[in-house]
Amino acid sequence: MEMSLADCWSSPPPSPIGFEGYEKRLEITFSDAPVFVDPCGRGLRALSREQIDSFLDLAQCTIVSQLSNKQFDSYVLSESSLFIYSHKVVIKTCGTTKLLLAIPRILELAVELSLPVRSARYSRGTFIFPGAQPSPHRSFSEEVSVLNGFFGGLKSGGNAYVMGDAFRPKKLWHVYHATEMPEQPMVTVEMCMTGLDARKAAVFFKNSADGGCSLAKEMTNVSGISDIIPEMEICDFDFDPCGYSMNGICGPAASTIHVTPEEGFSYASYEAMNVNPGSLVYSDLIKRVLSCFCPSDFSVAVTIFGGQGFAKSWAAGAEVGSYMCDDLVEQELPGGGLLMYQSFTAVAPGAVSPRSTLDGWNSDGTESDKEMCIGWEEVEKKAAKKGLVA
């Protein structure tokens, strides 16, 4: 009997140390189906709950709550979030989930809907417990190999980058991007925060003596999450005995937060996508997120398509009082985009913010001290700081 991809990659035992908060994020965008196939333009939103569950099962996560509007459907998962637009699916999963194993089923469903792949993007930080990750997530090189198998044939080829300072291996940002054509204007911000302030983290413990809350809605309000983008309608969920997730929606814009509050491996993430960059001042948004968690360290990655005029304040690096910028890297992306990555550490007021360059990775998935990126043709490129494309 022929074995499936999922059968070939078995899971290691759960980490005895703690829960892996860092998410794996996969975004796949599709082009239009022929009008006679999909006259209403529903695209992926025509998928049934059973069909959605069929690819979530492969990634090893389940839906716990849902919120929708005219533009898209959002789902809070047992391990992070899922967003389904008519022509785009975005999945974030944490822990030891096998996100990339969902790709074949997603593409199979897209074929049934006559939706050709337009682009794919995968991103994640550096895992806190990398040894607990199962295949195909044991190393970035393994992940890139799988992604290239599905998307390397797109016009741009597959392009993989490891961004950050090799001397700070816990603060590296991993990105894969492949596209068939120029991308539509869009701004996405992804934040990863560690070392949460104990009092802030206590809010996300249920019924604790240290200031915990009993309901997700209470956690949302007490933490200040509801004030980050007040216009967002929020669907929130609390876990037992601790932990929190939320999705926010407003028109085509979405945001999501996930919190692992346990001491020793506390973590929180924030993402906003499809926001109008002219309606939000980038640095102000970052400060509002930080006020909810007061982390000792955080990183932020901004992906911009559409040029500097479209991105407005989002095209400049964040400057946050009481945090020192360890790293600032800018990387052009195929399809006319730019990725700006920064990492920060809480310091005393008045500290100077150094800047470093892009560092690469070796074929075995370990980081090297060369300035490099690996593409589909494995051509070494210079990773220098550049201005935004028009």
Side-chain angles (χ1 to χ4, degrees), residues 21-25 27 80-81 90 92 94 121-128 161-165 168-175 177 186-197 200 224-225 228-229 248 253-259 266-275 277 280-305 308 311-333 337-347 351 353-359 385 388:
Y22 275 96
E23 297 97 349
K24 316 164 181 88
R25 181 189 189 275
E27 175 180 327
S80 296
S81 293
V90 179
K92 296 182 74 168
C94 55
R121 188 164 81 242
Y122 176 76
S123 60
R124 67 167 175 84
T126 300
F127 295 127
I128 301 172
Y161 313 91
V162 176
M163 305 179 70
D165 188 341
R168 295 182 176 89
K170 294 183 179 180
K171 291 188 174 184
L172 298 177
W173 189 245
H174 306 74
V175 179
H177 186 75
M186 187 177 71
V187 170
T188 300
V189 60
E190 299 171 71
M191 289 182 67
C192 299
M193 296 162 278
T194 56
L196 309 186
D197 176 83
K200 299 288 187 178
I225 287 172
I228 295 174
I229 304 180
S255 65
T256 183
I257 289 176
H258 305 284
V259 184
S266 62
Y267 171 85
S269 67
Y270 176 82
E271 176 180 340
M273 63 177 173
N274 284 342
V275 297
L280 288 170
V281 176
Y282 171 60
S283 287
D284 290 347
L285 176 68
I286 300 301
K287 292 173 184 176
R288 288 199 291 270
V289 174
L290 292 173
S291 69
C292 299
F293 305 104
C294 295
S296 61
D297 297 87
F298 77 95
S299 64
V300 55
V302 179
T303 304
I304 297 170
F305 290 97
Q308 189 169 8
K312 296 184 170 47
S313 64
W314 296 64
E319 294 185 4
V320 186
S322 75
Y323 286 91
M324 178 178 68
C325 180
D326 304 318
D327 216 358
L328 171 59
V329 184
E330 295 185 8
Q331 174 64 54
E332 290 185 357
L333 298 175
L338 177 101
L339 174 60
M340 181 169 56
Y341 173 74
Q342 290 180 273
S343 65
F344 295 82
T345 302
V347 294
S353 298
R355 294 182 178 182
S356 67
T357 55
L358 174 67
D359 290 280
K385 183 181 177 183
L388 268 171

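Just so it is clear, the structure is predicted and the values come from calculations on it, not from any experiment.
Rounding to the nearest 0.5 Å gives a distance of 9.0 Å between NZ of K24 and OG of S80. Between the CZ atom in R121 and the OG1 atom in T303 there is a gap of 4.5 Å [rounded to 0.5 Å]. Separation of atoms CG (L338) and CD (Q331) is listed at 8.0 Å; rounding is to 0.5 Å. Remark: T126 OG1 to W173 CH2 distance equals 9.5 Å, nearest 0.5 Å. From M191, atom CE reaches atom OG of S269 across 10.0 Å, with rounding to the nearest 0.5 Å. Between the CD atom of E332 and the NE2 atom of H177 there is a distance of 12.0 Å, given to the nearest 0.5 Å.
For the pair K200 and D197, the salt-bridge criterion is not met [side-chain N within less than 4.0 Å of a carboxylate O].
Residues F344 and I286 form no side-chain contact, since every pair of their non-hydrogen atoms from C-beta on lies 4.5 Å or further apart. Residues D297 and R168 form no side-chain contact, since every pair of their non-hydrogen atoms from C-beta on lies 4.5 Å or further apart. No side-chain heavy atom of L290 sits under 4.5 Å from any side-chain heavy atom of Y270. Side chains of R25 and E271 form a contact here, defined as non-hydrogen atoms less than 4.5 Å apart. The shortest distance between side-chain heavy atoms of L339 and Y161 does not fall below 4.5 Å.
A donor-acceptor pair under 3.5 Å links the side-chain atoms of R288 to the main chain of I228, judged by distance alone. A donor-acceptor pair is defined here as one N or O able to donate and one able to accept, closer than 3.5 Å; no such pair exists between the side chain of S81 and the backbone of T256. Judged by distance alone, the side chain of W314 and the main-chain N or O of L280 form a donor-acceptor pair under 3.5 Å.
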Apply side chain to side chain contact (heavy atoms under 4.5 Å, CB included) to the pair H174 and F127, showing each step before the final yes or no. CA-CA 11 Å; H174 306 74; F127 295 127; over 6 Å; no
Applying side chain to side chain contact (heavy atoms under 4.5 Å, CB included) to L328 and M340, what does each step give before you reach the verdict? CA-CA 7 Å; L328 171 59; M340 181 169 56; 4.0 Å; yes
Please assess F293 against I257 for the test side chain to side chain contact (heavy atoms under 4.5 Å, CB included), listing each intermediate value before the final yes or no. CA-CA 11 Å; F293 305 104; I257 289 176; 3.9 Å; yes
Please walk me through it: do E190 and S123 pass side chain to side chain contact (heavy atoms under 4.5 Å, CB included)? CA-CA 9 Å; E190 299 171 71; S123 60; 2.9 Å; yes
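The shortest heavy-atom contact between P295 and A346 is O-CB, 4.3 Å. Contact between C192 and Y267 at its shortest, heavy atoms only, is SG-OH, 3.5 Å. The heavy-atom pair separating A318 from Q342 by the smallest distance is N-OE1, 2.7 Å. Looking at every heavy atom in both residues, G164 comes nearest to V329 through N-CG2, 4.2 Å. The two residues K312 and P277 come nearest to each other via the heavy atoms CB-O, 4.3 Å. Summarising the geometry of L196 relative to M193, their closest heavy-atom pair is CD2-O, 4.0 Å, with the distance given to 0.1 Å.
Aromatic pair F298/Y323: centroids less than 6.0 angstrom apart.
Counted by atom type alone, K171 and T345 present one or more donor-acceptor pairs between their side chains at under 3.5 Å.
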